[in-house]
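A, B, ... follow the sequence lines: proteins, then strands. Residue 1 opens every chain. Both backbone and side-chain heavy atoms feed into the values below; hydrogens, waters and symmetry mates do not.
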Protein chains: 2
Amino acid sequence: MITIETSGFIPIYEQIKKGIKSEISLGVIKANEALPSIRDLAAELVVNPNTVARAYRELEHEGFICTRKGKASFVSENSSSLIQKDKVRLMEDVFDRAISEARKFGLDAAEIRRIVESRLKNQENRGEGEGR
Amino acid sequence: MITIETSGFIPIYEQIKKGIKSEISLGVIKANEALPSIRDLAAELVVNPNTVARAYRELEHEGFICTRKGKASFVSENSSSLIQKDKVRLMEDVFDRAISEARKFGLDAAEIRRIVESRLKNQENRGEGEGR
DNA sequence: ATCGCTGTATTAGTAATTTAATACAGTAAG
DNA sequence: CTTACTGTATTAAATTACTAATACAGCGAT
């Protein structure tokens, strides 16, 4: 289930893209399976169909899904390996950003490790599947 | 030195706010010292003065700096303790986001620790003071 | 062919960010 | 007082993301 954060600065179509990648990565949607239709997903997320369409269009352009007009959008055959590479890059990026932000505030490696540990524990206690 | 990322999704005034907080936190600007003038900083960052003014206005509203019209904006007397609290909150937020993103892709705590370690090492090797 | 679903495309409107050009007001030095 | 610097305020324009309404085109079942 994809969750949308309207309060942040991250565009909805980016959140949708990341959400789809996540679901492919987790095997919630498998290769050659159909994604939800643009209109359905838009209704579910309470978002404009065009916003979902943009996410799908970009995912197609990046090779993760392929689209057959009139039928549906499908997870690409080779999505697994693509996602795998993308996942590594994505995660490196995410933590690089977090760490360099911490560095900007003068935290050293030890303090960063401490925070990560504390947040890992904190999130474990608040139930597994909850995004927020 | 504050760096602005125009390619991202984060508003410039937010980046400036974070940059100032960082410099206060690091002691680059100390309590009761004057910040660069709005026009100077705008020229340095190649940004509109209004954008810097907005950052200053919000920082003042949050209590980090105080402004004397006709003179300059100064770092607040009690900025240290304020920043300290804000820093903790900010860092928790940053790593919460990173971790919950990782969780969305099915990474467990061990894998997250491994990535954090690898990125910490990676950034050490690429010189200390570099943001990117 | 018609109906109902799919994705696609176009156009227009709203909201937020940023830019731009000004004008105003306080401070300090000449 | 004049000059030159501070921050502040206002208004308009440009840009971008998102929303909204609508039309078009492909696919498949009836």
Nearest of D:dA25, D:dG7, C:dT18 to any side-chain atom of A:Lys69? D:dA25
Starting from C1' on D:dG7, measure out to CD1 on B:Ile20 and report it in whole angstrom. 15 Å
Measure the spacing between NZ of A:Lys87 and OG of A:Ser80 and express it to the nearest 0.5 Å. 10.5 Å
Does the Lys NZ or Arg CZ of A:Arg54 fall within the cation-pi geometry relative to A:Tyr13 - under 6.0 Å from the ring centre and within 45° of the axis? yes
Contact under 4.0 Å: B:Tyr56 side-chain N or O vs D:dG7 OP1/OP2: no
Determine whether any donor atom in the side chain of B:Arg39 lies under 3.5 Å from an acceptor atom in the base of D:dG7, or the reverse, and answer yes or no. yes
Sorted by position of nearest nucleotide on DNA chain C, 5' first, the leading residue of A:Ile38 and B:Ile10 is A:Ile38
I want to check one thing: is the phosphate of D:dG28, taken as OP1 and OP2, less than 4.0 Å away from some side-chain N or O of A:Lys71? yes
Residue-phosphate contact under 4.0 Å: A:Arg68 side-chain N/O, D:dG26 OP1/OP2: no
For A:Ser73 and A:Phe9, take the nucleotide of DNA chain C holding the closest heavy atom to each; which residue's nucleotide lies nearer the 5' end? A:Ser73
Checking side chain to side chain contact (heavy atoms under 4.5 Å, CB included) between B:Ile2 and each of B:Lys17, B:Glu44, B:Gln15, B:Glu23, which is the one that passes? B:Glu23
Starting from the C-alpha separation in whole Å, work towards a yes-or-no answer on salt bridge (charged side-chain N to carboxylate O under 4.0 Å, His left out) for B:Lys21 and B:Glu62. CA-CA 11 Å; B:Lys21 287 182 186 181; B:Glu62 293 170 25; 3.5 Å; yes
If you compare every side-chain N and O of A:Thr51 against the phosphate oxygens of D:dC18 (OP1, OP2), does one of them come in below 4.0 Å? no
Between C:dT19, C:dA9, D:dT6, which one does the side chain of A:Asn50 approach most closely? C:dA9
Could you check which of C:dG7, D:dT19, C:dA20 has an atom nearest any side-chain atom of B:Asn48? C:dA20
Among the candidates D:dG26, D:dC18, D:dT8, find the nucleotide nearest to the side-chain atoms of B:Glu60. D:dT8
Using heavy-atom distances to pick each residue's nearest nucleotide on DNA chain D, tell me which of A:Glu14 and B:Ala53 is more 5'. B:Ala53
Separation of C:dT18 C1' from B:Leu45 CG (nearest whole Å): 14 Å
